[in-house]
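Some notes on the structure that comes next.
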Amino acid sequence: MPSIHHHISTLRAALNSYRGQQDSKQCIALVPTMGNLHEGHLELVKLAKQHADIVVVSIFVNPTQFGVGEDFDSYPRTLDADVAKLATVDADYVFAPSIDEMYPVLPPPTSVRAGEITTQLCGQSRPNHFDGVGIVVSKLFNIVQPEVAVFGQKDYQQLAIIQQIVRDLSYPIEIIGAPIVRAADGLALSSRNQYLTEDERNIAPVLHQELQRLAEQLMQGQHLEQGLAPLLTETRARITEADFKIDYLEVKTAQLDSLETDGASASFDGNQQELVILVAAWLGRARLLDNQLVTVKLP
Ligand code: PAF
């Protein structure tokens, strides 16, 4: 079973005992989560295990990344079940702090803001969300001081923001993006999938299917004939028809630059470019996120 710590001081003491060893400097990996773990989280831990000797999984439903009216109060808290699942993948430590332990003052007067990248996509409808992610992840990095940290690629924008924070604040941490884990019907695994009713769960895979269809159209070069806008309009219409309320559906460069900006040519390689299709859409109570990388020909 992983060893559980609720306090920063005891976790630090436990981890320092590895760092203190003269002969073998053990590599520590951090997997930050909000708990209610599913197979996707366990894959993050398995990947962390491949890169480190000791894996710390944090479980903390972070209040600063939830907006007013969002699901902070109802977010499922399932610590005992989470710890049992983590035991099956040999996680070494669970860090499950209280809100007071993480935030002596709430909201914290200190902020970690990653700038423009946070204002697009999810940042449009969740204006302070990534500031909350920025501060909690920075705190976790300072508490655990890992050599490696693993995040899921399902939260594509979050991963890009964390990579930027690591670069800008000179954290000596390698950030690893883990592939999206999907159910057999293609739905990206997420703790929020459990908000779906049975009918909605049957509809939910449409999101992934539509991303794949759009990716296929882009690979075939349909945007070269008719432009991107009509393809996006058709995709939005199909997703809406399936009963989703779209928050956004966008195509960006893999670095999250707009296609119209100079940034688009920054990753230009011959006449090929890697793009990412990103979607956030509501289905009933669940806000679902998904994305799909695709390499396309440019005009
Ligand atoms: O992706 C999540 O679960 C959260 O945003 C994270 C990274 C654990 C920060 O609270």
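Counting starts at 1 for both ligands and their atoms, in listed order.
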Problem - Glu210/Arg213 ion pair, N-O < 4.0 Å - result: yes
Handout entry: Numbered atoms of ligand 1 (with element) below 4.0 Å of Gln158, judged on heavy atoms
Key = 1 (O), 2 (C), 4 (C), 5 (O), 7 (C)
Handout entry: SB check Asp131 Arg126 (cutoff 4.0 Å)
Key = no
Exercise for the section: Would you mind listing which atoms of ligand 1 come within a distance below 4.0 Å of any non-hydrogen atom of Val136? Expected result: 9 (C), 10 (O)
Fill in the blank from the handout: Near Gln65 (heavy-atom distance under 4.0 Å), the atoms of ligand 1 are 4 (C), 5 (O), 9 (C), 10 (O)
Problem - salt_bridge(Glu39, Lys46) N-O dist < 4.0 Å - result: yes
Would you list the atom pairs, donor with acceptor, under 3.5 Å between side chains in residues 166-175 and any protein atom, with sequence neighbours excluded?
{"from": "Tyr171", "atom 1": "OH", "to": "Ser138", "atom 2": "O", "distance (Å)": "3.4"}

Handout entry: N-O pairing of Lys85 and Asp80 below 4.0 Å
Key = no
Problem - Salt-bridge present (Asp290, Lys154; N to O < 4.0 Å) - result: no
Handout entry: Ile162 and ligand 1 - part of the residue with a heavy-atom distance under 4.0 Å
Key = neither
Fill in the blank from the handout: closest protein heavy atom to atom 3 (O) of ligand 1 is Met34 CG, 3.6 Å
Exercise for the section: Considering the heavy atoms of Pro32, write down every atom of ligand 1 situated less than 4.0 Å from one of them. Expected result: 8 (C)
Handout entry: Residue Thr33 vicinity, atoms of ligand 1 by number, heavy atom under 4.0 Å
Key = 8 (C)
